[in-house]
Amino acid sequence: MKAIPCHLMRGGTSKGLYFLASSLPEDTSLRDQVLLAAMGSPDDRQIDGVGGAHPLTSKVAVVSPSTRDDADVDYLFLQVVVDKAVVSDGQNCGNILAGVGPFAIEQGLIDAQEGTTSVRIHMVNTGGLAVAQVEVKDGAPVYEGDARIDGVPGTAAPVLIDFLDVAGASCGALFPTGNAKDVIDGVDVTCIDNGMPVVLLNAADFGLTGDESPAEIEKNTGVKERIESIRLQAGRQMNLGDVSDKTVPKMSLISAPVRGGLLNTRTFIPHRVHDAIGVLGSVSVATACVVDGSIAYGYLKGCSDYSRLEIEHPTGSFTVAMDVEGSGSLSTLKINRSALLRTARLLMRGEVLVADSAFSAPGKQ
Ligand code: NQM
């Protein structure tokens, strides 16, 4: 067995292993093989590893000193697929991002400032920059506090995150098809990438109210097949190529709010339905709401205060603050920044133990 130092952390509504890049093999095939073994993939239950048998709890952050002058650390996000021998760097993750600042401080990658430390994070998957404000006491990250986020029981210390330049991060443009609305398989959709490629769809077009539970929607094979067909076509139109083995674009079913928010969502990520909604996923949905012509624009109902856009999801709502210029039309809109609140918590620190065979050259086990 080989022992690899890492931390197990909750980042927002996700959970995963956080590694220093220097603790993992440099060769990416070997690294992926080791991460599959650490998590226990491929296996529906991930019983021989530390993965949580769900995409939201089978995640990895790889952190290192930054290669950029304007950032403190580099953060590579890896999705370890539960039931396939696949590790994907094809998307970012704003939830796991919430733990990167505290992890960087724990590991001494940056000098912590008493009170609040700003950690500038280069998101390697997509090239964007995020700035996280982490509470610090006696040189260590503070985890306990009063901040509450939906989808996580109790309260914890706040981690405020600003996204500065994430529009078109994966697809090359905020609206990669060039339109605020398209029609795929006869269904109106909005394809957007403000940090996460997302296809918005009206829940009503699938015979849903949009307030069904994730389990109920996952049981509906007819809806799942229709959504996957649209996803495969949207992926090509969004410059993502063949997305059959990719975790993007996410598919967000939208409907009228039920808790006083802007709109309600149910999000395929892309095959399981999220218990909440992703961070950058919700930034993309919120952005679609402020663009005239998108299928979500009607939900804005003339609201011009973008400092609290409430995106409802199965376990509550997600508040996005947006700073935008322009009239709301696709051609004039300029997004300056988006900001939101997360929390994170160190759950365990130590070493994950991986069989020696995972370290032999890929294919030679
Ligand atoms: O959109 C799940 C999550 C995510 C991603 C997913 C995320 C984001 O909730 O930034 O956080 O959409 O795969 O962790």
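Just the heavy atoms: all of them, side chains too, but no hydrogens, waters or symmetry mates, feed the values below. When a ligand or atom number is given, it counts from 1 through the structure's own listing order. Quick note: residue numbers are just sequence positions, from 1.
Under the 4.0 angstrom criterion for non-hydrogen atoms, C93 is in contact with ligand 1. Within the 4.0 Å heavy-atom shell around ligand 1 one finds H274.
Residue-level proximity to ligand 1 for K59 is carried by the side chain, the only part with a heavy atom below 4.0 angstrom. With a 4.0 Å cut-off on non-hydrogen atoms, T267 does not touch ligand 1 at all. Residue-level proximity to ligand 1 for S14 is carried by the side chain, the only part with a heavy atom below 4.0 angstrom.
Polar contact with ligand 1: absent for M196 (N/O pair, distance under 3.5 Å). Residue-to-ligand polar distances place G281 within reach of ligand 1: an N/O pair is separated by less than 3.5 Å. For the pair I96 and ligand 1, the shortest N or O to N or O distance does not fall below 3.5 Å.
For the atom pair L300 CG and L262 CG, the distance stands at 6.0 Å (nearest 0.5 Å). Rounded to the nearest 0.5 Å, atoms OG1 (T116) and CG (L160) are 8.5 Å apart. Taken from CZ in R231 to CZ in R236, the straight-line distance is 11.5 Å, to the nearest 0.5 Å.
For ligand 1, the atoms lying closer than 4.0 Å to a non-hydrogen atom of L56 are 2 (C), 3 (C), 9 (O). Interface of I269 with ligand 1, defined as ligand atoms under 4.0 Å from a residue heavy atom, comprises 6 (C), 12 (O), 13 (O). Annotation for ligand 1: atoms under 4.0 Å from non-hydrogen atoms of G94 are 7 (C), 8 (C), 10 (O), 11 (O).
The hydrophobic cluster containing L24, built from Ile/Leu/Val/Met/Phe/Trp/Tyr side-chain heavy atoms closer than 4.5 Å, also comprises I4, L8, L17, F19, V34, L35, L36, M39, V50, V60, V62, L76, L78, V80, V87, V124, L347, M348, V352, V354, F359.
Ring geometry for F103 against Y18 counts as tilted: the plane angle lies between 30° and 60°, on a 0 to 90° scale.
In this structure, D48 places its CG atom where only 12 or fewer heavy-atom neighbours from other residues, nucleotides or ligands lie under 6.0 Å away.
Side-chain atoms of D146 and T155 include no donor-acceptor pair closer than 3.5 Å.
Partners of F175 according to the ring pair (Phe, Tyr, Trp, His ring centres under 6.0 Å) rule, which considers only residues two or more places apart in sequence or in another chain, do not exist here.
Residue, atom and distance of the protein heavy atom nearest to atom 12 (O) of ligand 1 are K250 CE, 3.1 Å.
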